[in-house]
Amino acid sequence: MTTSTTTTVSVLQKNFKAALEDLRGVVPKRPTLPCLSGVLLRSADGRLMLTGTDLEVWVNKWVGAKVEGDGDSGLSFVAPFAHLLQIVGELPDERLDLHKEGDNLVILWPGGQLTLEPVAPYQDYPPEPLVESEKLGPAVTLDLPIETVRALVRQVIPCCGTDPGRPTLQALAISDHNGLLEAVGADGFRLGVLPLPAWDGPPVKPLSVLTNTRLWYLALKYADKSTRTVAVALGQRVSRIDVGGHTTVLTQNTQGTYPNYRQLIPAGFVNSATVVRRDLLAAVKRANTVARDASGAVRLIADVDCLTVLARAEGVGEIR
């Protein structure tokens, strides 16, 4: 077959399919721009990169490939994501050869071929925002253990707000305290603070970044069994996480001033109680059947030898 392209990219069907599956939820189903319904395919450094975005989050997935031909021209194509995902998922577990014929993308496999028209010219696909530049300044970079990312997602982000009218509280705040970084989530009722591990290098500059919570959810989602740490870059307007060298996630930061949460942390505690974690969780879960009708509020009443969990909702009743 004679083609007009100079570059052929060969990938395994299972790897291509897995990368496309990982872009679910990133490529919008009802995009504001036609090109956002597509996935950008590019060959670079002997690999195939898939990019999806909804203009809030950018995700790059790298797939091992064999690139043959003129590396200067490469392969660049915006493919319809939904159709490509469905078709590739039904192909045999064989090697797929991708190349362009004119403006179209051709995918070859033993016994068949597929031709796709572009969603839009690849030049029109939204470029990734810069994490750092001469104008924006340098980013603060650090490596975080995946256990820390998991703690952020499970312990701190649930404290973040959900009210669109208070966008700063919807973000996970990363700020420095006495030269060390800590992550903060708050919604006006709850507050979660997690110190971040120390790292080698100079002390961080004064920093306050309101990161999109999707950045951390996606980083944890894309981590595999071999992922021990992730590389985090916190910029003034954009933050990025590199997961295992095979995935990068970028999100726009929220602009604004975070509340002074340190004013809410007591300097000391007059009373304290030691409880069995399992028993406390069971009591709170029972109380939640009533508390969810009262803004989710429960009261803790400490006595000499017991701790009572109380919830009361008008029109429902009381449980303790």
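Throughout, residue positions are numbered sequentially from 1 according to the sequence presented. All values reported here derive from a predicted model rather than from experimental measurement. Both backbone and side-chain heavy atoms feed into the values below; hydrogens, waters and symmetry mates do not.
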Legend entry - Worked verdict on Val309 versus Arg320 for side chain to side chain contact (heavy atoms under 4.5 Å, CB included): CA-CA 5 Å; Val309 179; Arg320 67 172 65 202; over 6 Å; no
Legend entry - Under 3.5 Å donor-acceptor, Asn288 side chain and Ala291 backbone: no
Inset, instruction - Give a yes or no on whether a salt bridge exists between Arg214 and Asp54, defined as a side-chain N under 4.0 angstrom from a carboxylate O. - result: yes
Legend entry - Non-hydrogen side-chain atoms of Arg42 and Ser76 separated by less than 4.5 Å: yes
Legend entry - Trp58 reachable from Leu130 in the ILVMFWY side-chain graph, under 4.5 Å edges: no
Legend entry - Residue Arg95 excluded, over 12 heavy atoms near CZ under 6.0 Å: no
Legend entry - Inter-residue atom distance Leu250.CG - Leu218.CG, 0.5 Å rounding: 11.0 Å
Legend entry - Heavy-atom side-chain contact between Pro92 and Gln13 under 4.5 Å: no
Legend entry - Leu142 side, atom CG; Leu234 side, atom CG - distance, nearest 0.5 Å: 6.0 Å
Legend entry - Under 3.5 Å: donor-acceptor pair, side chain of Glu132, backbone of Ala139: yes
Legend entry - Considering all heavy atoms, the nearest Val78-Gly38 contact: CG1-CA, 4.0 Å
Inset, instruction - Kindly give the heavy-atom pair with the smallest separation between Pro197 and Thr148, and that separation in Å. - result: CG-OG1, 3.7 Å
Inset, instruction - Count the heavy atoms belonging to other residues, nucleotides or ligands that lie under 6.0 Å from OH of Tyr122, then report whether that count exceeds 12. - result: no
Inset, instruction - Apply side chain to side chain contact (heavy atoms under 4.5 Å, CB included) to Leu96 and Leu108, showing your working. - result: CA-CA 6 Å; Leu96 307 179; Leu108 298 170; over 6 Å; no
Inset, instruction - Give a yes or no on whether Leu91 and Leu12 share a hydrophobic cluster (residues Ile, Leu, Val, Met, Phe, Trp, Tyr; joining criterion: side-chain heavy atoms under 4.5 Å apart). - result: no
Inset, instruction - Could you tell me whether the side chain of Val232 reaches within less than 4.5 Å of the side chain of Arg240, counting heavy atoms only? - result: no
Legend entry - Salt-bridge present (Lys61, Asp22; N to O < 4.0 Å): yes
Inset, instruction - Check whether any side-chain heavy atom of Thr53 lies under 4.5 Å from a side-chain heavy atom of Val59, and answer yes or no. - result: no
Legend entry - Result of checking Ile174, Val131, Val140, Val209 against Ser239 for side chain to side chain contact (heavy atoms under 4.5 Å, CB included): Val209
Inset, instruction - Flag the pair Leu20 / Phe81 as yes when at least one side-chain heavy-atom distance between them is below 4.5 Å, and no otherwise. - result: yes
Inset, instruction - Might you point out which heavy atoms bring Thr7 and Ser43 nearest each other, and give the distance in Å? - result: CG2-OG, 4.2 Å
Legend entry - Lys100 NZ to Asp103 CG distance, which is reported to the nearest 0.5 Å: 6.5 Å
Legend entry - Single-linkage hydrophobic cluster, 4.5 Å side-chain cutoff, Val57 and Val39 together: yes
Legend entry - Under 3.5 Å donor-acceptor, Thr115 side chain and Val106 backbone: no
Legend entry - Verdict with supporting geometry, Asp279 and Leu281, side chain to side chain contact (heavy atoms under 4.5 Å, CB included): CA-CA 5 Å; Asp279 295 342; Leu281 286 175; over 6 Å; no
Inset, instruction - Check Val63 against Phe16 and note the closest heavy-atom contact, atom names and distance. - result: CG1-N, 4.4 Å
Legend entry - Under 3.5 Å: donor-acceptor pair, side chain of Tyr261, backbone of Leu191: no
Inset, instruction - Could you walk me through whether Asn60 and Thr248 pass the side chain to side chain donor-acceptor pair (under 3.5 Å) test, one step at a time? - result: CA-CA 5 Å; Asn60 296 321; Thr248 59; 3.1 Å; yes
Inset, instruction - Evaluate the side-chain proximity of Val230 to Asp143: yes if any heavy-atom separation is below 4.5 Å, no if none is. - result: no
Legend entry - Stepwise side chain to side chain contact (heavy atoms under 4.5 Å, CB included) check, Thr308 with Leu300: CA-CA 6 Å; Thr308 301; Leu300 301 180; over 6 Å; no
Legend entry - Co-membership, hydrophobic cluster, residues Val26 and Met49, 4.5 Å side-chain: no
Inset, instruction - Of all the heavy-atom pairs spanning Val119 and Pro34, show the shortest one and how long it is. - result: CG1-O, 3.2 Å
Inset, instruction - Please round to the nearest 0.5 Å and tell me the distance separating atom CG of Asp303 and atom CG of Leu307. - result: 9.5 Å
Inset, instruction - Decide if atom CD of Glu314 counts as having more than 12 heavy atoms of other residues, nucleotides or ligands within a radius under 6.0 Å. - result: no
Inset, instruction - Check the surroundings of atom CD in Glu117: do more than 12 heavy atoms from other residues, nucleotides or ligands lie under 6.0 Å from it? - result: no
Inset, instruction - With the side chain counted from C-beta on, respond yes when Leu210 and Leu172 share a heavy-atom pair under 4.5 Å apart, and no when they do not. - result: no
Legend entry - Sidechain N-carboxylate O distance under 4.0 Å for Glu90, Lys17: no
Inset, instruction - To the nearest 0.5 angstrom, please state how far the OG1 atom of Thr251 sits from the CG atom of Leu215. - result: 4.0 Å
Legend entry - Within one Ile-Leu-Val-Met-Phe-Trp-Tyr cluster: Val156 and Ile241, side-chain cutoff 4.5 Å: yes
Legend entry - Nearest heavy-atom neighbours spanning Gly188 and Leu169: N-CD1, 4.3 Å
Legend entry - Carboxylate-amine/guanidinium contact Arg190 Asp187, below 4.0 Å: yes
Inset, instruction - Verify, without hydrogens or angle tests, whether Asn212 (side chain) and Thr254 (backbone) share a donor-acceptor contact under 3.5 angstrom. - result: no
Inset, instruction - Measure from the side-chain N and O atoms of Asp45 to the backbone N and O of Arg47, and report whether any donor-acceptor pair falls under 3.5 Å. - result: no
Legend entry - Donor + acceptor pair across side chains of Trp216, Thr211 (<3.5 Å): yes
Legend entry - Asp93, CG atom: more than 12 neighbouring heavy atoms under 6.0 Å: yes
Inset, instruction - Report yes if some heavy atom in the side chain of Gln252 is under 4.5 Å from a heavy atom in the side chain of Pro129; otherwise report no. - result: yes
Legend entry - Spacing of Leu40 atom CG and Asp124 atom CG [to the nearest 0.5 Å]: 11.0 Å
Legend entry - Atom NE2 of His83: over 12 foreign heavy atoms under 6.0 Å: no
